[in-house]
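Single-structure report; data block below.
Below, chain A is the first sequence line, B the second, and so on; all start at residue 1.
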Amino acid sequence: MSETNPAAAAPQAEAAPHRYTAAMAADIEARWQDFWAAEGTYEAPNPKGDLAGAPALAARPKKFIMDMFPYPSGAGLHVGHPLGYIATDVYARFQRMTGHNVLHTLGFDAFGLPAEQYAVQTGTHPRVSTEANIENMTSQLRRLGLGHDKRRSFATIDPDYYKWTQWIFLQIFNSWYDEEANKARPISELVAQFESGERPVPGTTRAWSALGETERADVLGRYRLAYASDAPVNWCPGLGTVLANEEVTAEGRSERGNFPVFKSKLRQWNMRITAYADRLLDDLDELDWPEAIKLQQRNWIGRSEGARVDFPIDGERITVFTTRPDTLFGATYMVLAPEHPLVEKFTPAAWPEGTHEVWTGGHATPAEAVAAYRAQAASKSDVERQAEAKDKTGVFIGAYATNPVNGERVPVFIADYVLMGYGTGAIMAVPAHDTRDFAFARAFELPIRCVVEPTDGRGTDTTEWKDAFASYDARIVNSANDSVTLDGLGVVEAKARITEYLRGEGLGEGTVNFRLRDWLFSRQRYWGEPFPIVYDEDGIAHPLPESMLPLELPEVEDYSPRTFDPDDADTRPETPLSRNEDWVNVTLDLGDGRGPRKFRRETNTMPNWAGSCWYELRYLDPHNSERPVDPEIEQYWMGPREGMPHGGVDLYVGGAEHAVLHLLYARFWSKVLYDLGYVSSAEPFHKLFNQGMIQAYVYRDSRGIAVPAAEVEERDGAYYHQGEKVSRLLGKMGKSLKNAVTPDEICAEYGADTLRLYEMAMGPLDVSRPWDTRAVVGQFRLLQRLWRNVVDEATGEVTVVDVPEADVDVDTLRALHKAIDGVRQDLEGLRFNTAIAKVTELNNHLTKTGGPLPRPVAEALVLMTAPLAPHIAEELWRRLGHTDSVVHRDFPVADPAYVVDETVTCVVQIKGKVKARIEVSPEISDEELEKVALADEKVVAALGGAGIRKVIVRAPKLVNIVPA
RNA sequence: GCGGCCGUGGCGAAAAGGCAUACGCACGGGCUUUAGGUGCCCGCGGGAGUGAUCCCAUGUGGGUUCGAAUCCCACCGGCCGCACCA
């Protein structure tokens with residue numbers, strides 16, 4: 001090994017031939033990595049099946065520790081990528097040393113846009129480039145010494161894996177949500193209810209048996225948890241695909257590529273995640289997740305309690321959703337979303353007599369005004385729409401509805417500040433108590449009626465109001481009719497009373513509305529899981545039978561997506577799979593007793609999120625060919641237990657950017673599989689931890705162009721590149737900013753153990769911080785000193801002395817056991833930075849003490865280091881004479897007798913300022929300590945004869961004296 | 001605009017409401033080496049003093065407390081999320 005490394009081959013200075021150098025680290029690390037691979041050190045036994053075994057390990061309590069798996073990008077890794085992987089590895093190693101059977105592995109999320117775009121750029125087939133990237137990344141990661149169970153690794157593009165992704169899709173397709181049971185059930189049970197008449201068939205008076213096949217398919221499509229529908233979707237011509245709401249930014253652009261996104265009506269697959277809105281919200285309470293992420297999910301789900309209220313119009317009714325039914329008496333007009341389907345129906349031929357001029361938009365007829373406004377609204381991108389958010393636009397449709405509680409005629413408008421996608425797409429406008437309605441009412445000179453008494457002294461006459469009064473903490477006024485009055489009630493009571501009244505009158509009901517929309521699940525891409533769906537000649541979708549899975553991606557000549565002018569909203573997507581007619585048109589026997597028939601295949605593919613929706617389950621039982629995961633194995637690793645009522649992975653570490661995408665989708669799939677009885681865990685990830693980002697300085701020249709960070713020099717607090725002054729800013733690390741540092745170069749310069757220590761020592765795991773290559777050497781020095789404390793640099797001999805722990809001097813034992821105690825707590829709490837500080841402190845203490853280390857101290861030190869720097873720990877452990885690996889050794893346990901000092905320093909304060917320190921016994925009583933403190937000469941001097949008003953004693957650490 | 005998080009040495013950062021600045025980097029001094037990088041030792045928040053010592057410092061201003069980096073209020077600055085959600 002050393003022959004291939006010139007640095008290692010060069011005769012090192014005679015002074016220290018056995019010094020811990022980069023060359024030695026490289027040698028040690030390679031040897032132990034080979035050893036671990038050969039021994040299967042990190043293999044975690046299952047309770048049964050092909051991965052069963054190692055009974056001693058299998059009998060231990062389990063820990064399932066997981067990273068968010070990576071996209072195998074073509075760019076390779078920089079030092080920011082492995083931060084989380086190192087953290088979980090340290091934690092997993094610590095858990096192995098504290099009596100757990102630890103499952104820790106890593107796979108690859110290899111379908112999807114990034115992998116595909118790289119393939120398109122390089123002109124290679126996605127499978128070829130993706131597999132090469134996986135191989136490259138695997139070898140980069142191997143160099144870090146991560147303790148993964150390799151047998152459990154897979155990529156989402158493996159047909160053996162996506163067979164089950166497709167299978168789960170079919171389970172979802174073949175399920176419906178039973179609102180009464182509050183869970184998903186097989187669609188066959190719904191059909192049985194229709195057949196028996198137990199449940200009436202919606203939308204028809206006819207019996208189930210009287211319906212044709214297409215009609216039945218349509219009915220079931222309204223229940224299935226995976227369904228195709230024609231709805232306005234996010235169409236991104238620049239990417240050539242439709243996108244989920246979660247993938248579109250607030251500016252109305254694609255998260256990836258930043259192209260414009262348009263609303264376009266297209267037939268697409270959806271997942272009925274909205275059926276789970278309540279459970280996705282409620283179950284958050286039981287999860288050990290960062291509050292910020294929980295909050296983001298809560299906001300995304302967006303539960304609002306309110307009421308539906310019907311406004312009669314022309315013998316029909318328009319239903320609105322409101323969270324403020326208490327202000328119903330103040331509703332002076334209505335607004336529908338421009339695309340609301342009822343608009344045409346109520347738009348009359350001519351403007352009613354005396355229609356206000358500003359309401360018509362200057363158009364001759366209502367139909368003209370509506371058409372013009374709709375065209376204008378549709379052409380506006382979301383960006384423009386938002387930029388103009390303050391200026392309210394809209395147009396009167398020429399019709400009046402009736403306010404159901406006071407019988408007043410209220411004009412009906414369309415305006416783009418009302419969104420079709422939220423609530424019922426229609427609102428009652430209460431301008432006095434809603435900021436948006438207020439702005440609209442002022443613009444269109446609509447009446448503003450105060451029904452909530454302002455508490456800020458402005459009075460109930462709204463003519464001079466500058467803005468709406470939207471407070472909840474106030475009393476209702478001007479709100480009574482012959483049968484109900486809200487006057488004098490608080491907002492909460494008023495809501496309850498009016499809702500009750502509306503229900504009684506058949507005018508509305510209390511309801512809960514969600515912001516969450518169904519999940520758009522199809523993409524016009526090649527590089528994704530094909531849908532296991534075929535269409536018969538009537539266009540009815542049929543699931544493929546399980547025996548036809550996996551439905552593999554066909555080889556096609558042209559796998560690139562058909563993209564368009566990013567700004568051309570009138571384009572239509574084209575699926576790459578549709579280019580292969582031989583694959584699309586098939587004759588199949590679906591096993592439904594109807595023999596071979598002609599079908600067309602679904603040519604959309606699944607989104608890149610599909611593969612990551614259930615991968616935690618496959619790690620458990622990766623080779624199972626009968627089912628996604630064996631229930632007994634799933635129960636062992638992920639089943640509910642004390643403190644985790646929904647079960648799940650014990651620790652899941654990844655970036656916060658997946659707060660509402662992957663993490664929401666995976667929870668949804670989990671719940672469907674749970675409802676259908678395939679798994680015992682209703683949540684995939686019990687504890688979630690978001691690691692921070694490793695940032696890097698970006699240096700730009702006077703033109704604003706990034707210059708290579710490695711070539712920048714610092715002089716007197718300024719930065720120079722080739723003599724030119726450059727500016728410095730903190731940013732992301734990456735190739736484009738010319739500031740990427742790779743793990744490979746740090747490993748070459750110092751070794752993997754140093755890199756691991758540095759990344760963990762930089763600061764708390766959840767905080768973002770800048771990378772500083774110069775500072776890495778500090779952790780290298782720690783390892784050198786550790787090495788020197790055990791091995792003689794000149795001779796290579798181990799220098800420890802064999803003495804029993806009882807003979808070790810007490811100061812050293814105190815330092816040791818305090819460190820053990822602290823490091824244990826820090827590792828358990830993922831505070832790796834302070835754990836390393838404590839190891840460093842102990843090591844420095846031992847260095848200063850001088851002389852050979854007593855064996856019990858050296859061994860404990862090595863074991864404590866093992867989770868953080870596993871290679872050097874293995875090497876020293878072996879040199880200390882052991883033949884086994886440190887990996888499954890017990891982590892040292894602190895002896896409480898040595899964790900407390902014999903004497904402690906007690907601080908004596910006067911009015912909170914430290915005036916004296918005295919050495920006292922840790923067992924000293926409050927009374928005794930007070931006496932000693934008051935007798936101290938410095939204290940006496942500081943008091944200067946002043947009397948004492950009060951003495952606070954916190955034995956044995958502190959006395960605080962308050963003079964009179 | 002709404003919501004959340006965060007402000008401590010030159011830098012990354014430590015501190016169950018109880019000795020602020022642990023640990024590391026950088027910097028300064030010394031030692032070792034023919035020499036150098038990634039070796040070793042010492043010093044290192046600011047100010048005063050020859051000195052044991054004293055005073056002042058946790059974004060700013062108030063408050064609670066015997067005692068506040070930590071809790072509360074307001075402001076300033078930064079980061080993140082949502083954004084016409086009825």
Side-chain angles (χ1 to χ4, degrees), chain A residues 13-16 19-22 250-251 290-293 295-296 298-300 302 304 306 320-324 327 335 385-386 388-392 415-419 421-430 433-437 439-440 513-516 656-657 659-660 714 717 730 749-750 754 757-758 761-764 766-785 788 793 831 833-841 843-844 847-848 905-917 949-954 957-963:
Chain A
E14 308 82 64
R19 172 168 292 169
Y20 181 80
T21 59
E251 287 80 38
E291 275 309 315
I293 300 289
L295 194 69
Q296 278 187 59
R298 289 193 185 107
N299 290 343
W300 189 261
S304 309
V320 303
F321 172 74
T322 178
T323 54
R324 295 293 303 270
T327 63
V335 185
R385 212 163 141 155
Q386 266 174 43
E388 297 162 11
K390 277 151 261 139
D391 309 320
K392 292 284 174 290
D416 64 4
Y417 82 92
V418 174
L419 312 172
Y422 186 79
T424 62
I427 63 157
M428 63 178 211
V430 184
H433 308 295
D434 180 282
T435 332
R436 296 147 305 178
D437 296 344
F440 191 88
N513 193 60
F514 291 93
R515 202 186 87 112
L516 184 70
E657 67 274 17
V660 290
E714 184 182 352
L730 207 51
E749 207 171 341
Y750 298 105
T754 298
L757 277 179
Y758 176 67
M762 286 170 82
D766 55 349
V767 173
S768 293
R769 58 212 159 257
W771 177 265
D772 181 8
T773 298
R774 285 188 312 180
V776 177
V777 66
Q779 300 308 321
F780 185 61
R781 287 183 189 137
L782 165 63
L783 293 181
Q784 279 188 324
R785 285 199 296 273
R788 213 163 21 234
E793 286 192 340
R831 294 182 297 271
N833 55 328
T834 50
I836 291 169
K838 281 163 190 153
V839 170
T840 309
E841 228 169 331
N843 198 48
N844 288 351
T847 305
K848 280 199 187 99
T905 309
C906 175
V907 181
V908 186
Q909 300 175 330
I910 293 176
K911 283 193 76 178
K913 306 249 180 202
V914 181
K915 294 293 173 186
R917 291 165 228 271
R949 196 172 61 165
K950 192 174 175 184
V951 181
I952 294 108
V953 185
R954 295 280 180 275
K957 300 279 285 184
L958 178 128
V959 176
N960 190 17
I961 301 160
V962 188

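Atom name C1', nucleotides B:A13 and B:U65: the rounded distance is 29 Å, in whole Å. Atom P of B:G9 sits at a distance of 14 Å from the matching atom of B:A69, rounded to the whole Å. Nucleotides B:A26 and B:G10 have their C1' atoms positioned 8 Å apart, rounded to a whole Å. Remark: the separation of the P atoms in B:U8 and B:C71 is 15 Å, to the nearest Å. With both ends at atom P, the span from B:U64 to B:A48 equals 35 Å, rounded to whole Å. Taking atom P on both B:C56 and B:A35, the two are 50 Å apart, rounded to the nearest angstrom. Atom P of B:C41 sits at a distance of 28 Å from the matching atom of B:G47, rounded to the whole Å. B:C6 and B:C54: their C1' atoms are spaced 35 Å apart (whole Å).
Nucleic acid contact class of A:Ser304 (heavy atoms, under 4.0 Å, all strands): sugar-phosphate only. If you check every strand for non-hydrogen atoms under 4.0 Å, A:Arg954 touches a base. Contact annotation for A:Glu291: no contact, since no heavy-atom pair falls under 4.0 Å across all strands. Among the heavy atoms of the strands, none lies under 4.0 Å from A:Asn299. Residue-level contact check: A:Arg785 touches the backbone only, with heavy atoms under 4.0 Å from sugar-phosphate atoms and none from bases. Within 4.0 Å of A:Val767, counting heavy atoms only, lie sugar-phosphate atoms of the nucleic acid but no base atom. At a threshold of 4.0 angstrom between heavy atoms, the contacts of A:Val777 are confined to the sugar-phosphate backbone, with no base atom among them. Contacts of A:Arg774 with the nucleic acid, taken as non-hydrogen atoms under 4.0 Å apart, involve only primed sugar atoms and P, OP1 or OP2. Counting non-hydrogen atoms under 4.0 angstrom, A:Leu295 reaches the backbone sugars and phosphates but no base.
One atom, CG of A:Asp434, and another, P of B:A83, lie 18 Å apart when rounded to the nearest Å. With rounding to whole Å, A:Leu782 atom CG is found 13 Å from B:C23 atom P. Atom CG of A:Asn844 and atom P of B:C40 are 10 Å apart (whole Å). Counting to the nearest Å, the C1' atom of B:A13 and the NZ atom of A:Lys838 are 14 Å from each other. Rounded to whole Å, atom C1' of B:C25 lies 15 Å from atom CG of A:Leu757. Taking atom CD of A:Glu793 as the reference point, atom P of B:G39 lies 11 Å away to the nearest angstrom. We find that CG of A:Asp772 is positioned 15 Å from P of B:G24, with the value rounded to whole Å. Taking atom CG of A:Asp766 as the reference point, atom C1' of B:C80 lies 13 Å away to the nearest angstrom.
Anti is the conformation of B:A74, whose glycosidic angle sits further than 90° from 0. Against the 90° criterion about 0, the sugar-base torsion of B:G67 places it in the anti range.
Distances shorter than 4.0 Å separate some side-chain N or O of A:Lys950 from OP1 or OP2 on B:C66. OP1 or OP2 of B:C55 has at least one side-chain nitrogen or oxygen of A:Lys915 nearer than 4.0 Å. The phosphate of B:C25 has OP1 or OP2 within less than 4.0 Å of a side-chain N or O from A:Arg781. Neither OP1 nor OP2 of B:U38 sits under 4.0 Å from any side-chain N or O of A:Tyr750. Side-chain nitrogen and oxygen atoms of A:Asn833 include none within less than 4.0 Å of the OP1 or OP2 phosphate oxygen of B:C23.
A donor-acceptor pair under 3.5 Å is formed between the side chain of A:Arg769 and the backbone N or O of A:Pro764. Between the A:Tyr758 side chain and the A:Thr773 main chain, no donor and acceptor come within less than 3.5 Å of each other. Checking side-chain atoms of A:Asp437 against main-chain N and O of A:Val430 turns up a donor-acceptor pair under 3.5 Å.
Residue A:Gln784 has its side chain nearest to B:G39 when only B:G18, B:C19, B:G39 are considered. Looking at the side chain of A:Ala837, the nearest of the listed nucleotides B:A22, B:U38, B:C66 is B:A22. The side chain of A:Ile427 lies closest to B:A86, out of B:C25, B:A86, B:G18. Here the side chain of A:Arg19 is nearest to one of B:A86, B:G67, B:G39, namely B:G39. Between B:A15, B:G18, B:C25, one nucleotide has an atom nearer to the side chain of A:Thr834 than all others, and that is B:A15. When distances are taken from the side chain of A:Ile952 to each of B:C25, B:C66, B:A86, the shortest belongs to B:C66. Here the nucleotide nearest the side chain of A:Thr322, chosen from B:C55, B:G18, B:A86, is B:A86. Closest to the side chain of A:Pro764, out of B:A13, B:C25, B:A86, is B:A13. Distance from the side chain of A:Gln909 is smallest to B:G18 among B:G18, B:C55, B:U38. Checking B:C25, B:A86, B:A22 against the side-chain heavy atoms of A:Glu841 singles out B:A22 as nearest.
When side chains are defined from C-beta on, A:Leu782 does not count as touching A:Gln784, because their heavy atoms never get closer than 4.5 Å. Taking 4.5 Å as the limit, every side-chain heavy atom of A:Val335 sits out of range of all side-chain heavy atoms of A:Val320.
The pairing partner recorded for B:A20 is none, the criterion being a Watson-Crick or G-U wobble arrangement whose two distances lie under 3.5 angstrom.
Taking only distance into account, the side chain of A:Lys392 meets the base of B:C84 through a donor-acceptor pair shorter than 3.5 Å. Side-chain atoms of A:Arg917 and base atoms of B:C19 include a donor and an acceptor less than 3.5 Å apart.
By the 30° and 60° cut-offs, the orientation of the rings of A:Phe321 relative to A:Tyr422 is perpendicular. A tilted orientation is assigned to the rings of A:Phe780 and A:Tyr20, their planes being inclined by 30° to 60°.
Two residues, A:Gly302 and A:Arg788, neighbour RNA chain B, and the one matched to the more 5' nucleotide by heavy-atom proximity is A:Arg788.
A side chain to side chain donor-acceptor pair (under 3.5 Å) with A:Arg785 holds for exactly one of A:Thr847, A:Asn844, A:Thr840; it is A:Asn844.
Annotation: cation-pi geometry not satisfied between A:Lys392 and A:Phe440 (NZ/CZ under 6.0 angstrom from ring centroid, within 45° of ring axis).
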